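Inspection log for the structure reproduced underneath, given as structure tokens.
Whatever order the structure lists them in is the order used to number ligands and atoms, beginning at 1. Because the structure is a prediction, the values reported are computed rather than measured.
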Amino acid sequence: MAIHLPDNPARSDVLAARPTLWTNPHYSENAIADATLPVRPSDVDEARENWRLAPLLEACFPELQATNGEIRSDLVPLEAMRKALGYDGAEFGTLLVKADNALPVAGSIKARGGVYEVFLFAEWLARREGLLKAGEDIRRLAGPDAKAFFSRYTIAVGSTGNLGLSVGVAARALGFRATVHMSADAKAWKVERLTRLGVAVVRHDADYTTAVENARIAAESDPTIYFVDDEQSRQLFLGYSVAALELAGQLQARGIVVDAEHPLFLYLPCGIGGAPGGVAYGAKTVFGDNVHCFFVEPVQSPCALVHLMSGSADLVSVYDVGLTNRTEADGMAVARMSAFVATVMRRMLAGVFTVDDPSLFRWLLSAHHSQNLRLEPSAAAGFAGPDFLVKHPAGKDFCAQWQIGGRLAQATHVIWTTGGAFVPEDRFQAFLRTANEIGGPT
Ligand SMILES: *Cc1c(COP(=O)(O)O)cnc(C)c1O
């Protein structure tokens, strides 16, 4: 299918794979109130309440003792890196990093969605089969009889890597069998780590969308397989959404106000859209129209950008507009976004910007040197956000249209760094070498 993208200032940049900012012409006030959407603000509160699972997580993962079983990340000021990025001017307001790269259990933002969905399924299954009675301590599901029970079931998932890691780790911790269908982009170390955990890894010589399709078909024919569906899952989406409540508490603890005079901007790396979509949705439920969420994608894999820009009812992929989906940012190497996320984001997303691979490596290096952050390439994508918003013509137009231009100095920008803690040392050193070879300014 060849698609003609509509006339738009960003169109020629997108087609030529040049970094750019597209702002969403359908962006609307109070889009969250649309009753036809497949999710409700109350779903986010419900997902938060589901963290009654925390004692079970604490029992399964010793590293969660410090947080009583909650999977949380720090919110840290962008300090030394501000200057390196050219963000020292007052017009860049307050700059913060939401360090999901260091999330426990899975080492990426997938810990919020994948672990949550697997544990929720375990609880549901245990209740259905009478293993967990009303009022009984949830930690019973970490015991030996529960492990034996769960070992009769398989959790399956398709993944470019990190979702497979989070689902595989969670499934094995409870005693489930686990199968991860990996795309060709999946990094060898992620496959090795899963294999060591006893996860069956099926490698597909194909892209992410195909890996997911194969996994879904395998699961449909077998009632003992539970499929974590990255393209359609509400649970994953809602697991991610709870991060916005965490962020709200952290901003408040820092005395940072978010209101009409003090807007908040989120920069969220996007693959299929579940993680950034969930966080953006959660943020809209908390901050309403005072938060503006932008996705960021690689120049060759801007699946959310091309689909939302096309205005098409059918999903448009990056191949349809002649792009390759080739990038070192494996967490974002997705050619076709989730239809579910596209529906929810259509009027809620402020825009999407794109970044090239060399820039990802430069920011990865700079984040390591100046902020001691351990990032994988995908996780560094958000650093371009404030520059696009404040300096790019489309960003200036956006600020003018939404009466933000005069308030930039009192705005807060949150750059979401989405993964990296589990990258093995030799792989991380190789990233730094690549960055040094690329050279050039940050
Ligand atoms: C998965 C992932 C993303 C994007 O999340 P999606 O749900 O696929 O949109 C971004 N960065 C990293 C490091 C990831 O693992």
Side-chain angles (χ1 to χ4, degrees), residues 73 98-103 105-117 157-169 180 182-183 185-187 189-190 207-209 211-212 228-241 243 266-282 293-298 301-305 307-308 325 327-342 344-345 349 352 355 360 363-364 367 373-383 415-423 427-428 431:
S73 71
K98 183 66 174 144
D100 273 12
N101 58 289
L103 275 182
V105 180
S108 81
I109 192 167
K110 302 299 190 307
R112 299 185 182 278
V115 176
Y116 171 75
E117 177 156 359
V157 67
S159 174
T160 61
N162 284 343
L163 184 64
L165 261 184
S166 86
V167 168
V169 168
V180 175
M182 291 267 198
S183 55
D185 328 87
K187 299 289 179 229
W189 70 265
K190 293 180 184 174
D207 75 359
Y208 180 70
T209 305
V212 171
V228 176
D229 195 332
D230 203 9
E231 285 188 330
Q232 300 172 9
S233 169
R234 294 176 87 249
Q235 297 310 352
L236 269 182
F237 184 89
L238 293 170
Y240 295 125
S241 75
L266 303 187
Y267 306 110
L268 303 160
C270 174
I272 201 160
V279 173
Y281 185 80
C293 303
F294 290 85
F295 288 180
V296 47
E297 302 187 300
S301 303
C303 63
L305 199 169
H307 176 65
L308 294 173
N325 191 29
T327 172
E328 277 302 309
D330 54 327
M332 301 191 289
V334 178
R336 197 180 75 182
M337 83 176 299
S338 149
F340 169 78
V341 175
V344 180
M345 287 296 116
L349 189 67
V352 185
V355 293
L360 295 179
W363 297 323
L364 183 153
L373 288 169
R374 191 183 185 89
L375 306 182
E376 57 186 274
S378 302
F383 287 108
I415 295 155
W416 217 283
T417 54
T418 44
F422 283 10
V423 174
R427 295 310 311 147
F428 190 67
F431 288 155

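Under the 3.5 Å distance criterion, with hydrogens and angles disregarded, no donor-acceptor pair is assigned to the side chains of D100 and T418.
By the 4.0 Å N-to-carboxylate-O rule, E376 lies too far from R427 to be salt-bridged with it. Ion pairing of K187 with E328 is present here, as a side-chain N (NZ or NE/NH1/NH2) and a carboxylate O approach within less than 4.0 Å.
Contact residues for ligand 1 (protein heavy atom closer than 4.0 angstrom to any ligand atom): K110, N162, P269, C270, G271, I272, G273, G274, A275, P276, G331, E376, S378, T418, G419.
In this structure, the separation between CG on L268 and CD1 on I415 is 11.0 Å, given to the nearest 0.5 Å.
Between F237 and F340, the angle of the ring planes goes over 60°, which puts this pair in the perpendicular group of the 30/60° scheme.
Between the E297 side chain and the C303 main chain, a donor and an acceptor come within less than 3.5 Å of each other.
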